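Note that these values count all heavy atoms, side chains included, but never hydrogens, waters or copies made by symmetry. Quantities reported herein were computed from a predicted structural model and do not represent experimental measurements.
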Amino acid sequence: MEREVLCTGVGGQGVQIASRTLATAALDEGRHVMLVPRYGGGMRGGMTNAEITIGDLALRALPVATSAWSAYVMDPSYWSTIRPNLADGAVVVVNSSLCSALTVDVPAATVFEAAASEVAADLGNPMSAGFVLLGAFVAVTGLVGVESAVGAMRQLVPAYRTQHLEANERAIRAGAGLLPAAAASAWDPDRSVVA
């Protein structure tokens, strides 16, 4: 079984570190992973997308998922860049702090909203909103465990940013508490999407 995640946002929101954290957590859990980051040269404020494919066995995925199982949407600005590549019935987790006007026009999609930016601000670290949304995504899909996500984040944060480790961990755990655990379980064979 393979699951694809398409991530989108604007540069500076943590989409790339969140996607790397998800991919690393899956590797740490013994799964096969492919991560394809996509972002513009301007980074901050520009398009930042990523595609992660996770599977139990060697991956059969193409470099571009054309019928992805799920989406992580930090900001609606570049939704149009991933929307065509989502399968009918996709699981879509959105940052409702910024995506309140987003129309998720994916047939039979299951949409979950988490106010990631607001929660990050309430935690005193607005820059951790990407990790809040990651925690929510991980909890609701069970794609990886929350502990694996925390461990992966700790591996990836560079030495000169270790002062952010505790705040990032709090953000992931707070996000995990926002949505019902395994409500859209990634590894449930009955939770298939229509290709």
Side-chain angles (χ1 to χ4, degrees), residues 1-9 14-15 17-36 49-62 64-74 79 82-83 85-96 99 102 104-116 119 129-153 168-195:
M1 185 181 298
E2 291 181 11
R3 294 299 189 211
E4 307 84 12
V5 183
L6 301 181
C7 305
T8 190
V15 170
I17 188 73
S19 66
R20 288 181 45 222
T21 300
L22 182 59
T24 301
L27 283 170
D28 290 348
E29 289 184 356
R31 301 209 188 262
H32 296 261
V33 178
M34 179 173 57
L35 169 63
V36 181
N49 289 353
E51 177 181 320
I52 307 114
T53 303
I54 301 171
D56 294 327
L57 302 172
L59 300 177
R60 296 172 290 125
L62 298 171
V64 175
T66 56
S67 138
W69 179 78
S70 64
Y72 161 110
V73 184
M74 208 38 214
W79 167 249
I82 67 166
R83 164 44 197 108
N85 293 345
L86 287 170
D88 291 355
V91 175
V92 181
V93 179
V94 301
N95 175 9
S96 60
C99 297
L102 178 66
V104 176
D105 54 343
V106 177
T110 304
V111 180
F112 294 93
E113 296 182 350
V119 170
F131 282 126
V132 173
L133 193 65
L134 178 64
F137 182 87
V138 163
V140 80
T141 65
L143 195 56
V144 298
V146 173
E147 295 306 319
S148 296
V150 169
M153 175 275 297
N168 290 346
E169 180 173 345
R170 280 193 304 277
I172 292 170
R173 293 187 187 285
L178 295 177
L179 297 176
S185 178
W187 304 115
D188 177 356
D190 295 329
R191 177 96 192 144
S192 297
V193 294
V194 180

Report the distance from atom [atom1] of [X] to atom [atom2] of [Y], rounding to the nearest 0.5 Å.
X     : Y     : atom1 : atom2 : result
Arg31 : Glu2  : CZ    : CD    : 11.5 Å
Asn85 : Glu51 : CG    : CD    : 7.5 Å
Thr8  : Met74 : OG1   : CE    : 11.0 Å
Leu27 : Arg20 : CG    : CZ    : 12.0 Å

What closest approach, in Å, do [X] and [Y] show between heavy atoms, and which atom pair accounts for it?
X      : Y      : value
Glu147 : Arg173 : OE2-NH1, 2.7 Å
Ser185 : Trp69  : O-CZ2, 4.1 Å
Val33  : Ala26  : CG2-CB, 3.5 Å
Thr53  : Leu59  : O-CD1, 3.8 Å
Asn168 : Met153 : CB-SD, 3.6 Å
Ala114 : Leu178 : CB-CD1, 3.9 Å

Take Arg3 and Trp187 through the test side-chain contact (heavy atoms from CB on, under 4.5 Å) and record every step on the way to the result.
-> CA-CA 8 Å; Arg3 294 299 189 211; Trp187 304 115; 4.0 Å; yes

Please answer whether the main-chain N or O of [Y] pairs with a side-chain N or O of [X] as donor and acceptor at a distance below 3.5 Å.
X     : Y      : result
Glu29 : Val144 : no
Tyr72 : Gly130 : yes
Asn95 : Ala116 : yes
Ser96 : Ala115 : yes
Arg83 : Asp105 : yes

Evaluation steps, side-chain contact (heavy atoms from CB on, under 4.5 Å), between Leu22 and Ile54 | CA-CA 9 Å; Leu22 182 59; Ile54 301 171; 4.3 Å; yes

My understanding is that only one of [options] makes a side-chain contact (heavy atoms from CB on, under 4.5 Å) with [X]; could you say which?
X      : options              : value
Ser19  : Thr24, Leu6, Ile52   : Ile52
Ser70  : Val140, Leu86, Val91 : Val91
Val104 : Val92, Thr110, Val73 : Val92

So do Cys7 and Val15 actually touch side chain to side chain, heavy atoms under 4.5 Å?
-> yes

Determine, step by step, whether Val94 and Trp79 satisfy the side-chain contact (heavy atoms from CB on, under 4.5 Å) criterion, reporting the C-alpha distance in whole Å, the side-chain angles of both residues, the deciding distance to 0.1 Å, and the verdict.
-> CA-CA 10 Å; Val94 301; Trp79 167 249; 5.9 Å; no

